[in-house]
Chemist: 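To start, I am sharing the structure in question, which I have written as structure tokens.
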Amino acid sequence: RAKSAGGNRFEFADPESDARAITRHGLTTALPTALDRGEFFIEYQPLVHLEDGRVHGAEALVRWLHPQHGVLGPDRFIPLAEHTGLIVPLGRWVLEESVQQARAWQEKHDRTGPLRINVNLSPCQLTHPGLVSDTVEILAEAGLEPDALCLEVTESALIGADDALLKPLRRLAEMGVDIALDDFGTGYSNLANLRRLPVRTLKLDRSFTQSMQRFPADPVDLKIVEGIVSLAHSLDLAVTVEGVETGAQAEQLRILGCDTAQGWYYARPGPPDRLHELALMDATG
Ligand code: C2E
Ligand code: MG
Ligand code: MG
Ligand code: MG
């Protein structure tokens, strides 16, 4: 970090940030081969109905098993993949893998209401011309109904989105794919703008969930969540909450009318079989 004092500028070497820069460079060069070598894997985190705790589906969260650095979370490499363009093939791989997984769960399960799969989309994938055709192909190949798939796009990716950007999302929504606005409430978007977006689910940002941890919760936050939920429901949108870590949060968010939830309180992200077990557990009571 550089500090300036008076008119002079002093550069302080920061070994930690140097190490980070070196790792960043190393990771960036290793990314393309990592996909070919099969170093990425996906963990699944259940989404549950707040009303009764039943498993509704799961979100696919990508990880990188790096030969030297061990397991890296998406925050370490997704920005690099976006920067280098690898996010397009990586994102397609995540989609294909998770859609096939969702189909496999459905085949193992004999339950009412299918397990759904949520997959994150990067803004770069939205502008890539192959998005709609790839998705159609992947769903058809796996034999998964489009309405079992939910694509999560961050609110900030859609701020000021023009029609060209929204077109592929509209096409997917018309096919029955659910589009969710991820990290909702952090992007300063105009609420009236929601009507323009082909979105059926709002995924409330973790910061709201965190403020429900204090008891009594901040009355302003309570009012905000209450307002978002009632607006969402009046527009026929479902509300999911992320980052639920305690029963108290779950209870507060249930009372506020949120529909589904995700968080460590229910389960951490884990291997596909873990989700299968969880879903099976509540199918058998
Ligand atoms: P996100 O889509 O908002 O995913 C939720 C993040 O919250 C995940 O972090 C999840 O592990 C974490 N989380 C879940 N429950 C809790 C909880 O109770 N407490 C806390 N503190 N955290 C919780 P993760 O796996 O590190 O992913 C971070 C972000 O990386 C995701 O945020 C998403 O934006 C992005 N990401 C993950 N997989 C993909 C992918 O395949 N493609 C793209 N483009 N982005 C991805
Ligand atoms: Mg997400
Ligand atoms: Mg999120
Ligand atoms: Mg988030």
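These figures come from a predicted structure and were not determined experimentally. Each ligand, and each atom within it, is numbered from 1 in the order the structure gives.
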Chemist: Would you say Pro269 contacts ligand 1, with heavy atoms under 4.0 Å as the rule?
Modeler: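 Yes; Pro269 lies near enough to ligand 1 that a heavy-atom distance drops under 4.0 Å.
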Chemist: Which of the numbered atoms in ligand 1 are under 4.0 angstrom from any heavy atom belonging to Val244?
Modeler: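 Near Val244, meaning under 4.0 Å from one of its heavy atoms, ligand 1 has 18 (O).
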Chemist: Tell me whether ligand 1 is touched by Glu242 - counting only heavy atoms on the residue side and a distance under 4.0 Å.
Modeler: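 Yes, Glu242 has a heavy atom closer than 4.0 Å to ligand 1.
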Chemist: Please determine whether Asn120 has a backbone or side-chain N, O or S atom lying under 2.8 Å from the Mg ion (ligand 2).
Modeler: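 Here the distance criterion (N, O or S atom, under 2.8 Å) is met by Asn120, so yes.
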Chemist: Can you list the residues that meet the side-chain contact (heavy atoms from CB on, under 4.5 Å) rule with Pro198, with sequence neighbours excluded?
Modeler: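 Scan of Pro198 (side-chain contact (heavy atoms from CB on, under 4.5 Å), adjacent residues dropped) gives Leu166, Leu169, Arg170, Ala173.
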Chemist: Is Glu152 close enough to the Mg ion (ligand 2) that one of its N, O or S atoms comes in under 2.8 Å?
Modeler: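 Yes, Glu152 qualifies, because one of its backbone or side-chain N, O or S atoms lies under 2.8 Å.
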Chemist: Side chains of Leu131 and Leu121: closer than 4.5 Å at any heavy-atom pair?
Modeler: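 Yes; the side chains approach each other to less than 4.5 Å.
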Chemist: Taking only heavy atoms of Arg63, which atoms of ligand 1 are found under 4.0 Å from at least one of them?
Modeler: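 Contacts of ligand 1 toward Arg63, numbered from 1: 11 (O), 25 (O).
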Chemist: Are Ile138 and Arg92 close enough that some pair of their side-chain heavy atoms sits under 4.5 Å apart?
Modeler: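 When only atoms from C-beta onward are counted, Arg92 and Ile138 do touch, with a gap below 4.5 Å.
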Chemist: Could you tell me, atom by atom, which parts of ligand 1 come under 4.0 Å of a heavy atom of Val62?
Modeler: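 Counting atoms of ligand 1 from 1, those under 4.0 Å from Val62 are 38 (N), 39 (C), 40 (C), 41 (O).
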Chemist: Answer yes or no for Arg206: is there a heavy-atom contact with ligand 1 below 4.0 Å?
Modeler: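 Yes; Arg206 lies near enough to ligand 1 that a heavy-atom distance drops under 4.0 Å.
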Chemist: In this structure, does ligand 1 have an atom that sits under 4.0 Å from one of the heavy atoms of Arg268?
Modeler: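 It does not; every heavy atom stays at 4.0 Å or beyond.
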Chemist: Work out the angle at the Mg ion (ligand 2) between OE2 of Glu59 and OD2 of Asp182, rounded to 10°.
Modeler: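 Output for this angle: 180°, rounded to tens.
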Chemist: For ligand 1, which atoms sit closer than 4.0 Å to a heavy atom of Ser122?
Modeler: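 Counting from 1, the qualifying ligand atoms are 44 (N).
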Chemist: Hey, does Glu59 sit under 4.0 Å from ligand 1 if you only count heavy atoms?
Modeler: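 Checking ligand 1 against Glu59, which is what was asked, there is a heavy-atom contact under 4.0 Å.
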Chemist: Is the closest heavy-atom distance from Gly91 to ligand 1 below 4.0 Å?
Modeler: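 No, Gly91 has no heavy atom closer than 4.0 Å to ligand 1.
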Chemist: Atoms of ligand 1 less than 4.0 Å from Asp75 heavy atoms?
Modeler: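 It comes down to these atoms of ligand 1: 28 (C), 29 (C), 30 (O).
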Chemist: Using a 6.0 Å cut-off, check whether atom NE2 of His25 has over 12 heavy atoms from anything other than its own residue.
Modeler: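 Open: at most 12 neighbouring heavy atoms sit under 6.0 Å from NE2 of His25.
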